[in-house]
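Presented below is the structure to which this report refers.
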Amino acid sequence: MLRSLLVFGVICASSVPRALAATAWRFSGPATSPTEQTGNYTGFSNNTLQDTHVVKGKAFNRFIQIWLENTDFEDAGSTPAWENLAKRGLLLSSYHSLTHPSEPSYIASVGGDFWGLHNDDYYHIPENVSTVIDLLEEKNISWATYQENMPTDAFYGYSHSSTNYLNSSAVDYPFYMRKHNPLEIYDSVSQNPARQGRIRNFNDFANDVVNGSLSQWIFVTPNMVNDAHDTTTDFCADFLEYWLYPLLDDDRFNSDGTIIVLTFDENETYAKQNRVYTLVLGKGLPRHLVGKTDDTFYTHYSLLSTVEANWGLKNLGRNDVNKTMSNVFDFVAKKSGYKNVHVPEEKRPQLNVTGVFAGPLNPQMYLPFYAPEDLQIKGAGGQGVYVADSLDTSAKYSTLGDAQNLTTTPYPWIVEEES
Ligand SMILES: *[C@@H]1O[C@H](CO)[C@@H](O)[C@H](O)[C@H]1NC(C)=O
Ligand SMILES: *[C@@H]1O[C@H](CO)[C@@H](O)[C@H](O)[C@H]1NC(C)=O
Ligand SMILES: *[C@@H]1O[C@H](CO)[C@@H](O)[C@H](O)[C@H]1NC(C)=O
Ligand SMILES: *[C@@H]1O[C@H](CO)[C@@H](O)[C@H](O)[C@H]1NC(C)=O
Ligand SMILES: *[C@@H]1O[C@H](CO)[C@@H](O)[C@H](O)[C@H]1NC(C)=O
Ligand SMILES: *[C@@H]1O[C@H](CO)[C@@H](O)[C@H](O)[C@H]1NC(C)=O
Ligand SMILES: *[C@@H]1O[C@H](CO)[C@@H](O)[C@H](O)[C@H]1NC(C)=O
Ligand SMILES: *[C@@H]1O[C@H](CO)[C@@H](O)[C@H](O)[C@H]1NC(C)=O
Ligand SMILES: *[C@@H]1O[C@H](CO)[C@@H](O)[C@H](O)[C@H]1NC(C)=O
Ligand SMILES: *[C@@H]1O[C@H](CO)[C@@H](O)[C@H](O)[C@H]1NC(C)=O
C-alpha cells in the first residue's frame, strides 16, 4: 500500500538541524568496522542477499557509487585523505552535478530526470516512471542500495533520528534523510515487495560483505554527518579513512572488475558552475589510469549511461540519452564502442540553476509525468527505450501544453506524514 495521501502544499524540511560545521564534533566510527553490525544504527540486519550470479560487463562487473554532500571541488581536493585516494584512482575533473539542492540530483541519477524539482521535500514518483533498476533487472544484474542509519529496510519516512553516538549527552540525531535515498522515492521500487528488501541499511551492508554477497550495482549513502552534509570536509575524510580505506583492501567489496565512484551531490557554492570532485577507484579501473585525471565533461547522468554501456542495457529515454549530458566514462566508452561528445567549457549548460524548470515535481509550473519523447532512440547500451507496462506512451512532453500553477489546488506527488 502506498502510504501517501493527496494533499496540497509543501512540507518544509526546516525543522531539521543543518550545518553543524560550527560545532566541535569529531568523527567517531559508528561501528568497530564497516563489516561489523552496531547498535548505533536502529535496525539490525535479518538476512543477507543471495547475489552470487555475476553478469559480466564490458569494462567492469560491479559498480559501486558512494554519494557525499555539498562540497566545493577545491575544498574536497585539498585534504590529505582525498589526495591519498586520488593517487589510488582516476580523478574526473569535469564531472558536474545537475542542479540544487540535493534531492533533484539524487533522483535524476537513477531516473534520468529531476522532473522540475527544486527542493528537498517529501515527494514520491508514480510507478509508471522507470529507473535504472528496471534496466538492470531485465538483464538479471543484482542491485542494492545501502543507506546508513535507515532504521528498517525500505523505510518510507521522511527522516529518522537515532542515538547520537557522537555525543552521548545530546538528544537523538536525524542521521537518515529520505532525500538522499533516491530509489525509495520511486514507487516502482519502493512499492514493489520484491524490491523492498534491496533498500538496505549499513547493518545489512556489514552482513552482505561478510557473506560475500554484495550485488553488482550498488548505491551507498553515508549518514548526514559522515557525508559532510552537517559537518566538514575533514570530518568526511575521517569517515572515508574509517569506512572506505579498509573496504578498498577487502576482496569481498573491491573484487576483480569492481569500479567505485566517489562523488558529491552538488557544489556548495550556488553562484558557481556545479562541478563536483569525483574519483573512480577499484580493481576494475585500468592500471594505466591510476593516479591520472580525465577532463571529459560528465554529469550525474553519466552514472546511467556508463552502466548502460557496460552491460548493454536498454535506456530510460530521458537525459541518459541526452548526448551532451551523458558522456560515458571514457575507459568504458572505449571498451564498449560508444562515441562520447566533446563539450567545450563555453558550451556546457549552466548546471547551478534551480527553481525555473517546469515539471511534475514543480507545483508552481506543473506538468503531469510524461513519456520519453523518442521511444525509438538507442542509448549508450546500443538498445532501445525501456517502456513500463503502465506508461501512457502518448503523453509526451510535446503534447502536454502549458505548465499550470497548482499551488492553490491539490498537488499529487507530496507525501503527507502519518500522524
Ligand atoms: C557507537 O559509537 C560510539 C562512538 O563511535 C562508539 O564508542 C561505540 O562503541 C559504538 N557502539 C557500538 C555498539 O558499536
Ligand atoms: C539470475 O540470477 C540468479 C541469482 O541472482 C540466478 O540464480 C539465475 O540463474 C539467473 N538467471 C539467469 C537467466 O541468468
Ligand atoms: C565550486 O565551488 C568552488 C568554491 O566556491 C569554486 O571555486 C568553483 O569554481 C566552483 N565550481 C567549479 C566549477 O568547481
Ligand atoms: C529486522 O526485523 C526486525 C523485526 O521485524 C525489525 O525490527 C528490524 O528493523 C529489521 N531490520 C532491518 C534492517 O530491516
Ligand atoms: C554534547 O551535547 C550537549 C547537550 O546538547 C552539549 O551541551 C555539548 O556541547 C555537546 N558536546 C559537543 C562536544 O558538541
Ligand atoms: C550467506 O548467508 C546465507 C543465508 O542467508 C547462508 O546460507 C550462507 O552460508 C552465507 N554465506 C557465508 C559465506 O556466510
Ligand atoms: C551559475 O554559475 C555562473 C558562473 O559559472 C554564474 O555566472 C551564474 O550566475 C550562476 N547562476 C546561478 C543561478 O547562480
Ligand atoms: C540536453 O540537456 C541540455 C541541458 O539540460 C539541454 O539544454 C538540451 O536541450 C538537452 N537536449 C535534448 C536533445 O533534450
Ligand atoms: C503560483 O501561485 C502562487 C499563489 O497564487 C503565487 O504565489 C506564485 O507566484 C505563482 N507562481 C508562478 C510561477 O506563477
Ligand atoms: C503516470 O502515472 C501518473 C499517476 O497515475 C499519471 O498522473 C500520469 O499521467 C502517468 N503518465 C504517463 C506518461 O503514463
Side-chain angles (χ1 to χ4, degrees), residues 1-10 12 16-30 40 107 111-119 121 123-131 134 161-175 185-192 224-226 230-232 234-235 238 315-319 353-375 377 385-415:
M1 258 286 287
L2 185 62
R3 282 162 285 177
S4 68
L5 294 174
L6 304 192
V7 293
F8 75 92
V10 166
C12 257
V16 174
R18 237 192 101 93
L20 285 177
T23 75
W25 279 19
R26 292 228 160 181
F27 175 82
S28 187
N40 282 327
I107 61 175
D113 204 331
F114 56 84
W115 320 108
L117 183 60
H118 56 95
N119 57 38
D121 293 337
Y123 292 96
H124 72 103
I125 295 171
E127 180 263 316
N128 53 8
V129 180
S130 302
T131 70
D134 296 294
S161 295
S162 50
T163 308
N164 190 334
Y165 61 85
L166 296 172
N167 179 351
S168 55
S169 42
V171 295
D172 283 1
Y173 192 79
F175 285 112
I185 295 168
Y186 284 89
D187 294 348
S188 62
V189 183
S190 72
Q191 303 307 308
N192 179 332
M224 293 291 281
V225 293
N226 289 335
D230 293 350
T231 54
T232 60
D234 288 337
F235 189 104
D238 288 346
N315 67 78
L316 298 170
R318 310 288 184 177
N319 286 295
V353 181
T354 179
V356 300
F357 303 101
L361 299 187
N362 184 348
Q364 296 206 20
M365 288 190 258
Y366 180 76
L367 295 169
F369 278 98
Y370 45 88
E373 199 63 26
D374 179 359
L375 292 168
I377 199 164
V385 180
Y386 178 90
V387 179
D389 291 343
S390 51
L391 184 75
D392 174 1
T393 53
S394 67
K396 296 186 177 178
Y397 185 85
S398 55
T399 68
L400 295 177
D402 293 338
Q404 289 171 276
N405 188 341
L406 289 194
T407 43
T408 55
T409 34
Y411 171 70
W413 309 120
I414 205 95
V415 184

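Order of listing sets the numbers, starting from 1, for every ligand and every atom in it.
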*Checking side-chain contact (heavy atoms from CB on, under 4.5 Å) for the pair L166/Y173: CA distance, chi angles, key distance, verdict?*
CA-CA 10 Å; L166 296 172; Y173 192 79; over 6 Å; no
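By the criterion of a heavy-atom distance under 4.0 Å, both the backbone and the side chain of D392 are placed next to ligand 10.
In this structure, W115 has its ring center at least 6.0 angstrom away from the ring center of Y123.
Between the N319 side chain and the G112 main chain, a donor and an acceptor come within less than 3.5 Å of each other. A distance-only check finds a donor-acceptor pair linking the side chain of Y186 to the backbone of I107 [under 3.5 Å]. Put simply, the side chain of N362 gets close to the backbone of F357: a donor and an acceptor are under 3.5 Å apart.
Shown in contact with N128 at under 4.0 Å from a heavy atom are these atoms of ligand 10, numbered in order with element: 1 (C), 2 (O), 3 (C), 8 (C), 10 (C), 11 (N), 12 (C), 14 (O). Every atom of ligand 5 with a heavy atom of A170 under 4.0 Å away is listed here by number and element: 2 (O). Close approach of ligand 10 to A371 (heavy-atom distance below 4.0 Å) involves ligand atoms 13 (C). Taking every non-hydrogen atom of W25 and a distance limit under 4.0 Å, the qualifying atoms of ligand 5 come out as 14 (O). Less than 4.0 angstrom separates some heavy atom of N167 from each of these atoms of ligand 5: 1 (C), 2 (O), 3 (C), 8 (C), 10 (C), 11 (N), 12 (C), 14 (O). Close contacts of ligand 10 with Y370, meaning ligand atoms under 4.0 Å from a residue heavy atom, involve 13 (C). Taking every non-hydrogen atom of S169 and a distance limit under 4.0 Å, the qualifying atoms of ligand 5 come out as 1 (C), 2 (O), 3 (C), 4 (C).
Residue contacts with ligand 10 include W413, since one or more of its heavy atoms lies under 4.0 Å from the ligand.
Between F175 and Y165, the ring-plane angle classifies as parallel under the 30° and 60° cut-offs.
In this structure, I125 CD1 and L361 CG are separated by 5.0 Å, a value rounded to the nearest 0.5 Å.
You'll find the side chain of W413 stays beyond 4.5 Å of the side chain of P363, heavy atoms only. Inter-residue side-chain proximity for T131 and S188 is flagged as met; some heavy-atom pair is nearer than 4.5 Å.
Looking only at atom types and distance, the side chain of D234 has no donor-acceptor partner in the side chain of T232 under 3.5 Å away.
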Dump the pairs for me: ligand 9 N or O, protein N or O, distance under 3.5 Å, to 0.1 Å.
{"from": "ligand 9", "atom 1": "2 (O)", "to": "N405", "atom 2": "OD1", "distance (Å)": "3.2"}
{"from": "ligand 9", "atom 1": "2 (O)", "to": "N405", "atom 2": "ND2", "distance (Å)": "2.4"}
{"from": "ligand 9", "atom 1": "2 (O)", "to": "T407", "atom 2": "OG1", "distance (Å)": "2.9"}
{"from": "ligand 9", "atom 1": "11 (N)", "to": "Q364", "atom 2": "OE1", "distance (Å)": "2.7"}
{"from": "ligand 9", "atom 1": "11 (N)", "to": "N405", "atom 2": "ND2", "distance (Å)": "2.9"}
{"from": "ligand 9", "atom 1": "14 (O)", "to": "N405", "atom 2": "ND2", "distance (Å)": "3.3"}

